Amino acid sequence: MTVPEPGTTAVPPPGCPAHAAGGSVPPATDRGGVPPTAAHGGTLPGGLPVGVPLTPLYGSAVADDPHGLYARLRAQYGPVAPIELEPGVESWLVLGYPELLELTRNEALFSKDSRRWRVPAEGRLAADSRLQPMTSWRPTLLNLDGAEHQRLRAAVADTLARVDHRQLRETTEAAADALIDSWGPDGTADLVAQYARRLPLLVFTQLLGLPDEAGAHLIRLISHIADSGPESVRANQEFQTLLVDLVRQRRTTPGADLTSWLLAHPAALTDEEAVHHLVVLMIAGNETTICWTGNTLRLLLTDRRFRATLTGGRLTVADALEEVLWRDPPTQNFPGRWATSDTVLGGQFIARGDMLVLGLAAANADPAAQGPGAHGHASIGHASIGGNRAHLAWGAGKHVCPAQHPARIIVETAVETLLHRLPDLQLAVPPHELAWRPSPWSRALISLPVLYSAFTPPRPPAPERPSAWTPPQIPQTPQRPGTASGGASGAASGAASGTASGTGPAPEDPSPSSSTPSDATSTGRTPGSEEPARRSWWNSLAGWWSGR
């Protein structure tokens with residue numbers, strides 16, 4: 001983004017498509033009806049006067065009312081708006097749906113290689129800048145174009161494809177049940193701190209082959225990095241050190257986990273490449289899953305119309321997930337793309353080396369994406385939104401997120417399990433008191449306090465089956481001579497002997513399924529609602545996680 005000296009005129013390069021032969025901007029307006037404008041300090045005809053301050057994309061402005069912020073930027077500048085990422089660091093925010101598609105699909109003109117960024121090249125990005133962890137170049141699929149990007153993307157996509165989706169759902173449900181069972185008897189909980197933020201780590205540490213005790217430390221590091229906060233640089237260094245040790249261990253002792261599969265892929269990743277891709281998987285995958293879970297639960301607790309349609313059977317949890325991806329996607333903005341040459345996008349003159357931020361939430365709210373009659377964001381039951389997955393929450397083009405299917409399984413299972421176990425869940429504070437983390441990138445609640453009075457028993461465990469990926473081995477209760485051991489027979493015999501094992505008599509009716517709400521029990525736990533014996537490992541892990 002070019003910033004001319006006061007009193008001078010920003011002169012575009014010869015042949016700039018935004019300018020006529022005489023050097024003036026054509027009188028046509030952009031798609032939003034706003035005349036094309038220049039960058040901060042520019043004096044192109046119809047552009048910004050010198051000295052106009054840039055809109056900050058950080059702090060309370062982006063946390064308290066991002067939708068209002070994006071609407072104001074759209075009204076003032078059109079589909080591409082000049083912003084400030086931190087004091088003295090300018091960028092462009094792409095707000096328009098068609099413009100964001102153009103940005104993500106034109107790799108030759110808008111590169112993912114952040115080494116092209118003019119700000120650090122001009123010495124204007126401090127070494128301790130909070131933007132460093134999210135914008136620094138790394139040898140990953142996020143920062144490369146062309147053949148190298150395809151090589152690394154194939155390694156990540158093929159590795160994720162080896163995860164057994166049924167096993168992932170069962171493991172997530174077991175971890176969710178254990179977390180819920182670890183809560184105290186007072187009928188209160190914070191669904192962010194005690195559920196959404198802990199559950200993905202219980203799953204991800206197993207997927208990557210990390211030690212269980214690393215979870216609490218990992219979540220603090222990831223939060224600092226994703227928020228671009230004061231501790232982001234230190235957290236980024238610690239996080240990478242932890243993963244370097246993991247890669248070294250799996251080189252010599254591979255296992256049935258994502259780290260080992262990534263190292264064994266034919267793409268032949270180096271240790272450095274493997275570490276950086278584990279950073280991508282953990283931060284992008286874990287942070288997205290946390291935010292998506294929390295935002296979906298908030299929707300169900302604060303939007304009575306939506307919850308009524310859900311409990312009435314007219315919508316499903318999957319519908320709620322899509323509604324959140326339209327309204328409050330877990331990643332609201334994402335850095336970025338860098339212009340490889342001078343060009344024009346959305347009526348704005350973009351200079352070579354300028355950074356463009358993908359405004360995912362803003363583009364979803366673009367009337368061009370919603371059709372006639374839309375009012376700036378997805379509305380419940382709107383004909384153009386219901387069942388529509390054309391949102392840009394996962395990005396677009398060749399760099400679309402490769403982990404969306406495992407993330408969807410984890411979040412959908414987390415929400416379904418919670419609603420099954422706590423059918424009378426309700427918000428403990430007025431909705432306007434809920435606060436958001438001040439992150440320019442993530443759309444994440446600080447807390448989500450709730451009240452409940454009833455527990456329902458967890459679902460019976462599904463019969464075990466062979467799989468390419470299995471969760472950690474859980475100690476089994478010794479079998480009596482002559483009985484079947486392991487597999488579906490072992491699970492069945494364990495369920496049949498609930499009274500003898502101390503879990504109480506089995507209920508007369510079968511445990512409810514995810515599609516049929518259960519009757520609420522009394523305030524205390526229902527006898528027999530404890531986890532089956534084969535899930536005792538999860539209970540002990542959840543107890544450690546809760547400080548017990």
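All residue numbers in this chain count up from 1 along the given sequence. Note that the structure is a prediction, hence the values are computed from the model and not measured.
Side-chain atoms of N286 and T289 form no donor-acceptor pair, as typed in the model, at a separation below 3.5 Å.
Proximity of a side-chain donor or acceptor of R74 to a complementary backbone N or O of L95 within less than 3.5 Å is detected. Under the 3.5 Å distance criterion, the side-chain polar atoms of S260 are left unmatched by any main-chain donor or acceptor of A256. Side-chain atoms of Q404 come within 3.5 Å of backbone atoms of C401 as a donor-acceptor pair (strictly under, hydrogens ignored). Side-chain atoms of S439 come within 3.5 Å of backbone N or O of W441 as a donor-acceptor pair. Side chain of D177 to backbone of T417: no donor-acceptor contact under 3.5 angstrom is found. N295 contributes a side-chain N or O that, together with a main-chain N or O of R443, makes up a donor-acceptor pair within less than 3.5 Å. Side-chain atoms of H67 do not come within 3.5 Å of backbone N or O of D328 as any donor-acceptor pair. Between the side chain of D366 and the backbone N or O of Y97 there is at least one donor-acceptor pair closer than 3.5 Å. Judged purely by atom type and a 3.5 angstrom limit, D319 uses its side chain to pair as donor or acceptor with the backbone of T316. Looking at R298, its side chain never comes within 3.5 Å of a backbone N or O of L445 through a donor-acceptor pair.
Ionic pairing of E173 and R169 is not present here: no N-O contact between side-chain nitrogen and carboxylate oxygen is shorter than 4.0 angstrom. Residues E86 and R130 are not paired through a salt bridge, judged by the lack of any N-O separation under 4.0 Å between the basic side chain and the carboxylate. Salt bridge annotation for D181-R421: present, with a cationic side-chain nitrogen under 4.0 angstrom from a carboxylate oxygen. The pair D190-R198 does not count as a salt bridge, with every side-chain nitrogen at least 4.0 angstrom from each carboxylate oxygen. The pair R408-E322 meets the salt-bridge criterion, with a side-chain N (NZ, NE, NH1 or NH2) lying under 4.0 Å from an Asp/Glu carboxylate O.
Contact of the L258 side chain with the V163 side chain is registered, since non-hydrogen atoms from C-beta on lie closer than 4.5 Å. Counting only heavy atoms from C-beta outward, the side chains of V450 and Q426 never approach each other to under 4.5 Å. Between W292 and T331, every side-chain heavy-atom pair lies at or beyond the 4.5 Å cut-off. Using a 4.5 Å cut-off on side-chain heavy atoms (C-beta onward), I446 and V192 make no contact. In this structure, H420 and V415 have side chains that are not in contact, with every pair of non-hydrogen atoms separated by 4.5 Å or more. The shortest side-chain heavy-atom distance between S442 and Q332 does not fall under the 4.5 Å cut-off. Side chains of L278 and V275 form no contact here, defined as non-hydrogen atoms less than 4.5 Å apart. Put simply, the side chain of T104 does not reach to within 4.5 Å of the side chain of H399, judged on heavy atoms.
The two residues T296 and A320 have their closest heavy-atom pair at CG2-CB, 4.0 Å.
Rounding to the nearest 0.5 Å places CG of L263 at 8.5 Å from CG of L246.
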